[in-house]
Amino acid sequence: MSYWLLKSEPDVYSFDKLTKEGKGVWDGVRNYQARNNLRAMKEGDLGFFYHSNEGLEIVGILEITKEAFPDPTFEGDRWSAIEVVTYKPLNKRISLEEIKKTKGLENMVLVKNSRLSVQPVTKAEWNIIIEMSGTDI
DNA sequence: GCCAACGTTGGC
DNA sequence: GCCAACGTTGGC
């Protein structure tokens, strides 16, 4: 079981939208590092849904329901997509600002490499954020 | 809206 | 295969 963090601009695709639609295809990733992370995901893995540009906070949890397949928005198999569903929203959203201030989270990829749109989260980081957010898994 | 950080492209 | 030029992302 691995943990992830996926970023989206809420203008383009928000956690609310995913929740309304039930499930979503995470496509359009055009970065190799991010793609490799998509390909490493297993069905049943959980990920944080982070709003970039606006909000700058983790808003909820999603679950990977289908492992990597060729990105339908691209001809060929160079890029990959996955399928996700809303797992549950966080009771309390966790902002980037808080993350930067929290011991144990200062080395998160989100902080160290803010441009990577699909990134791994360690179990320790995951647990801290879940705890802070007061969310029951 | 600016700009730093990073990735990609293409000429040599 | 190097690296300058350019494009994109995302925090501020």
Side-chain angles (χ1 to χ4, degrees):
Chain A
M1 170 83 159
S2 304
Y3 301 99
W4 308 96
L5 183 144
L6 294 90
K7 288 197 284 197
S8 179
E9 299 183 29
D11 268 2
V12 180
Y13 193 77
S14 67
F15 187 68
D16 282 349
K17 193 171 179 200
L18 172 64
T19 302
K20 265 182 210 135
E21 292 178 354
K23 71 174 181 182
V25 173
W26 208 275
D27 58 19
V29 171
R30 296 292 183 270
N31 170 284
Y32 286 104
Q33 229 184 316
R35 183 204 68 180
N36 292 342
N37 288 331
L38 286 178
R39 289 185 178 178
M41 291 178 180
K42 300 282 183 219
E43 198 178 319
D45 281 356
L46 299 178
F48 288 129
F49 195 125
Y50 176 82
H51 282 172
S52 64
N53 272 311
E54 265 178 69
L56 308 188
E57 58 190 0
I58 296 171
V59 295
I61 302 167
L62 50 72
E63 180 180 356
I64 284 75
T65 50
K66 192 174 171 193
E67 294 176 16
F69 53 91
D71 188 332
T73 68
F74 188 84
E75 190 70 29
D77 57 6
R78 180 169 163 196
W79 301 111
S80 296
I82 52 158
E83 202 177 84
V84 299
V85 297
T86 290
Y87 186 77
K88 61 166 60 175
L90 293 188
N91 280 341
K92 175 181 171 297
R93 297 178 166 199
I94 303 297
S95 70
L96 178 63
E97 205 185 346
E98 284 177 83
I99 288 170
K100 285 180 172 171
K101 283 191 296 200
T102 303
K103 205 159 183 278
L105 299 181
E106 60 276 86
N107 289 320
M108 278 186 77
V109 182
L110 189 67
V111 177
K112 293 285 173 188
N113 182 5
S114 62
R115 291 189 52 202
L116 187 62
S117 63
V118 181
Q119 40 183 274
V121 172
T122 68
K123 193 169 196 326
E125 291 162 350
W126 179 271
N127 288 338
I128 292 171
I129 292 167
I130 291 297
E131 176 88 10
M132 284 167 73
S133 70
T135 308
D136 294 320
I137 293 282

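Treat the numbers as computed from the prediction; the structure is a model and nothing was measured.
Evaluation of the side-chain contact (heavy atoms from CB on, under 4.5 Å) rule for A:Ser14 yields A:Pro10, A:Asp16, A:Lys17, A:His51 as partners, not counting sequence neighbours.
Checked by atom type and distance alone, the side chain of A:Glu83 never pairs as donor or acceptor with a backbone atom of A:Lys23 at under 3.5 Å. In this structure, the side chain of A:Ser95 does not engage the main chain of A:Glu57 through any donor-acceptor pair within 3.5 Å.
When DNA chain C is scanned 5' to 3' for any atom under 4.0 Å from a heavy atom of chain A, the first and last hits are C:dG7 to C:dC12.
Between the side chains of A:Arg78 and A:Tyr32, at least one donor N or O sits under 3.5 Å from an acceptor N or O.
In this structure, A:Val25 belongs to a hydrophobic cluster whose other members, linked by side-chain heavy atoms under 4.5 Å apart, are A:Phe69.
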